[in-house]
Amino acid sequence: MAPAIELTGITKRFPGVVANDDIHLEVAEGEIHAICGENGAGKSTLMKILYGMQPPDSGTIRIQGDEVELHSPAQAIELGIGMVHQHFMLADQLTVLENVILGAEPMRSLGRIDFQAGREHLDEVGRAYGLDINADDLVETLEVGERQRVEIIKVLYRGAKILILDEPTAVLVPQEVDELFRNIRELKASGATILFIDHKLDEVLEIADTITVLRQGRTVGTVKPGEVTAHDLAEMMIGSELPVPDAGASTVTEEVALELSGLRVAGEGDRAVVDDVTLSVHRGEIVGIAGVEGNGQAELVNAIIGIQDPDQGVITLLGRDITHVSVRHRREMGLGYVPQDRHRDGLLLGFTLWENAALGHQTEKPYSRGPWLSRLGMRGRANRIKEDFDVRTPNIEVSAHALSGGNQQKLIVGREMVADPAVLIANHPTRGIDVGAQAAVWDDIRDARSRGLATLLVSADLDELIGLSDTIVVMLRGRLVARLDPNDVTPRDLGAYMTGAALEAGAP
Amino acid sequence: MTERLTHRLMLASAAPIAAVVIAVVLSSIVLLISGSNPLAAYADMVQHASKLETQVDILNRATPLYLSGVAAAIGFRMNLFNIGVEGQYLLAFIVAAHLGAQVELPSVLHIAFILVVAMAVGGMFSGAAGVLKVTRGVNEVISTIMLNAVVISGLAAWWIVEWQAGGEISATGGRVGTEPIAESGLLPDINSWLEVFTREVGLGKKLTGMLVVALVVGVVYHVILNRTVFGFDLRSSGANPTASHVGGVSPKRMVVIAMTLSGMVAGLVGMTELMDTGYYPSNPISLLGFTGIAVALLGRNHPAGVAVAALIFGFLDVSSGILQISGAASREIVEIMKGVIILTAVIAYEVVRRIREREEAAAAAAAMAASPGADA
């Protein structure tokens, strides 16, 4: 039988990079095929090509043995290929049924939507693939895992036999991942072919029948999970040894650097999005904040750096009340910040690297003297950051958007570190960067910690939290609900706290 | 390194040169279609512009255009579209003309007083739009357009009547206008400065002293923008307000300050005319504010670029007169040329920006591949 998908010699170039370089991929009918690779290895580009969102520069695509040219997602859907994006595309105010039929509505006469037919078809799909969902629930009331199931059903409803899942576990806690994997196995049993993109190796080994590894736009190899270990896969992915976060010996001191007491931040309708948070971070300590995204971490961070005003509580930096002090003043007092979204909050993309190296510190020496900028000081610091933090760039005169994500992040971390802050707020500091840059960022934070830096680490990467933190606190619905020792907590336990399951069941 | 520099300079100058060349080509086509000889028209324009007196006219026209362009550019740098330069300069013009005629001061102080009043009025009027934006979320495009109407058909129309110079044959020589300012309040012409380099300026042409003020404004704009912490705050806040906010720059504060500064420079636009005639007439030179937006666009908000753009527009405006006199072409061709230059400039700048971006990305990718640790 012809393979469900066969890609030969796929090449796709973007300005300055070859995203896909002569890629070969063969996916057998009815298998779960995982595509692994670091960020920037070319996974997303390849999937976009397969889903008709971008044409390849060269190479051929065969679906069930027939050579096709894909020009649009609509055409891919017609060929039975469906894609579940990492970021859900659902209308919160509509029901599951309405979301599923949206854009493919069964019609009755006079332009009326035939909801009955839609419902029947939806039930049929649900039964056929063993996916359980209530068609009349409002999407806004659903948990993340359920929303993902709606996305999958949406694709199946349109007749997809080949499903592309783009990093489906990135948004899930471990318990939800189990549920997703059960669903994926059901789908397979019902005859679907699944292309599964991921870079979490244990997950890949657990679910996949076949694994193809990409590195720097090329296919490194195709293996069976029984034949390799996670370690082998990691080496294939990065071409060298996989770094692990490890905090090393404790350097925690008695001296409190950052203290929050009774902090409350109001969201819409005066509902507390940060609710009575009390926390202290000592010099030499890394406090990790775990939590499913949207449980108040963003607002907590905003209140600490000063762009959102808390309505109750006190923030103390190095013994001084900074609750209502300006952002600039806080920064000058020694508050460093690595933002979650570096393009939105961390960089001036069209500006040179040396200007970016000064952003947030432009009032401090050596970037300026009094009201005057010092270009010499700015360039000098930028060069030092480039050397010390291994920012890979031809020179510091290029603009920030020329750098890869990992190098942009190294620039930001370097900028904050050379300012020698007393307290660092690291908000998802390694999100979306490759393993090499990730290890570098971890090293930088650890080094600074040993010199007495107090760090508040907010992360969705549970291994990172456990590996780096001296203390982990769990944030749920705006409150700190648990305080854990990273030495005796597993990602699975942490997941249970993050969803609140552990609290309802009583602490394990 | 020098090779790289030459390359960069070539890229930078390619866009404006291409814009002018394409504009000339397109205008020639229009002239041919309308039955005129483009070469004859251009010859008239160039020949006219080679006269010293015409050059004085061009500079006198370019001076307010430059100030207006800088006013718009300050807004653009903060990502604000101050479309209200028009209203701001007319309001500043009439208030400064009126108050300037009410006081008696030694010359230097008198001139300074008038200029300061003009800047204060422009700054406050424009700053009001900034305050509306940060406190009430009113888009500055909407508010400044409405404030233009408030000035042009409101305040200025009212005050020109209210402050009109009295008498059947008024002190302004029979023309309707505000009370004339005493000689001590008028900035003298700088013909003598020009004549150091050239022959005597004839035909009673006077090179405006505001040219010096405009040059000072340009230098101050350049220095503040590029050499001060405040300028860095302004540029960064305009480029990325959220990153800048996280970096300690209050975006609201910057909006109000940028609008105010823009209005202050706008306030000087009408001073070229006031310093020449000494009063606010019933029909002051108008539309300089709107043209300033085009000048800023063509000059890329860069102090020197805006100066070149102002000179080009000044040249075209002055040329339209000679075309009408010589009959080589219709004077409206000048408006077509302005439009084409703006359009081609915007496109050419964008093309160059993309080429540069691509080159930088390629260089950065090459640096990554070449450095140790990255595998081939």
Side-chain angles (χ1 to χ4, degrees), chain A residues 14-18 215-216 238-240 302 305-307 326-332 335 337 339 341-351 355-356 358-364 367-375 378 390-395 397-399 401-404 406-407 436, chain B residues 1 4-5 7-8 77-79 220 222-254 300-301 349-350 353-376:
Chain A
F14 292 111
V17 277
V18 185
R215 184 173 75 224
Q216 297 195 340
I238 63 167
S240 63
N302 286 346
I305 61 167
I307 60 175
S326 74
V327 182
R328 172 153 286 168
H329 197 179
R330 290 178 205 216
R331 303 280 256 156
E332 288 167 349
L335 184 67
Y337 180 50
D341 185 334
R342 56 184 165 269
H343 287 180
R344 202 191 65 184
D345 296 332
L347 293 170
L348 307 168
L349 286 174
F351 283 39
E355 285 170 309
N356 273 286
L359 183 65
H361 304 278
Q362 61 262 42
T363 54
E364 298 158 29
Y367 301 113
S368 62
R369 236 176 317 155
W372 302 101
L373 283 183
S374 161
R375 293 187 166 202
M378 289 163 87
D390 189 30
V391 180
R392 307 240 171 108
T393 169
N395 57 60
E397 304 294 329
V398 301
S399 47
H401 61 65
L403 299 192
S404 70
N407 282 298
Chain B
M1 200 62 202
R4 273 176 41 88
L5 194 68
H7 180 70
R8 281 186 78 97
R77 279 304 182 121
M78 182 55 211
N79 228 345
V220 170
H222 173 77
V223 169
I224 287 187
L225 199 63
N226 295 302
R227 299 293 170 142
T228 66
V229 173
F230 170 76
F232 186 82
D233 287 355
L234 184 84
R235 286 185 295 131
S236 65
S237 201
N240 185 346
T242 57
S244 214
H245 193 188
V246 164
V249 185
S250 161
K252 292 187 170 182
R253 205 173 140 254
M254 291 319 286
R300 300 292 283 164
N301 304 327
Y349 284 130
E350 179 62 19
R353 190 186 67 79
R354 289 192 186 176
I355 291 174
R356 187 174 295 164
E357 209 165 88
R358 202 169 308 162
E359 281 180 356
E360 281 187 350
M368 268 197 82
S371 54
D375 31 12

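Convention: sequence-line order gives letters A, B, ...; per-chain numbering from 1. Because only heavy atoms are used, hydrogens play no part in the values below, and waters and symmetry mates are left out as well, while side chains stay in.
Interface remark: Arg344(A) contributes backbone and side-chain atoms alike to the contact with chain B (heavy atom separation under 4.5 Å). Both the backbone and the side chain of Arg235(B) come within contact range of chain A, with heavy atoms under 4.5 Å apart. At a 4.5 Å heavy-atom cutoff, His329(A) makes no contact with chain B through either its backbone or its side chain. In this structure, the portions of Leu359(A) lying under 4.5 Å from any heavy atom of chain B include both its backbone and its side chain. Contacts between Glu355(A) and chain B at a heavy-atom distance below 4.5 Å involve backbone atoms as well as side-chain atoms. For chain B, no part of Leu349(A) is nearby; none of its heavy atoms comes within less than 4.5 Å. Proximity to chain B (any heavy atom under 4.5 Å) is restricted, for Arg375(A), to the side chain, taken from C-beta onward. Both the backbone and the side chain of Ser399(A) come within less than 4.5 Å of a heavy atom of chain B.
For Asp233(B), the side-chain hydrogen bond (donor to acceptor under 3.5 Å, both in side chains) partners at least two apart in sequence or on another chain are Arg328(A), Gln362(A). Residues passing the side chain to side chain contact (heavy atoms under 4.5 Å, CB included) test with Ser244(B) are Ser236(B), Ser237(B), Val249(B), sequence neighbours excluded.
Atom CZ of Arg253(B) sits in a sparse spot, with 12 or fewer heavy atoms from other residues, nucleotides or ligands closer than 6.0 Å.
The two residues Asn395(A) and Thr393(A) have their closest heavy-atom pair at O-OG1, 2.7 Å. The two residues Met378(A) and Ala358(A) make their nearest non-hydrogen contact at CE-CB, 3.8 Å.
Contact count against chain B (heavy-atom pairs under 4.5 Å) is highest for Asp345(A) among Val398(A), Ile305(A), Asp345(A), Asp341(A). Contact count against chain B (heavy-atom pairs under 4.5 Å) is highest for Leu347(A) among Leu347(A), Asn302(A), Thr363(A). The candidate from Val327(A), Leu403(A), Leu373(A), Ile307(A) with the greatest count of non-hydrogen atom pairs under 4.5 Å with chain B is Leu373(A).
We find that Glu359(B) and Arg356(B) are not joined by a salt bridge, their nearest charged nitrogen and carboxylate oxygen being 4.0 Å or further apart.
The shortest side-chain heavy-atom distance between Tyr337(A) and Arg330(A) does not fall under the 4.5 Å cut-off. In this structure the side chain of Trp372(A) reaches within 4.5 angstrom of the side chain of Val223(B), judged on heavy atoms.
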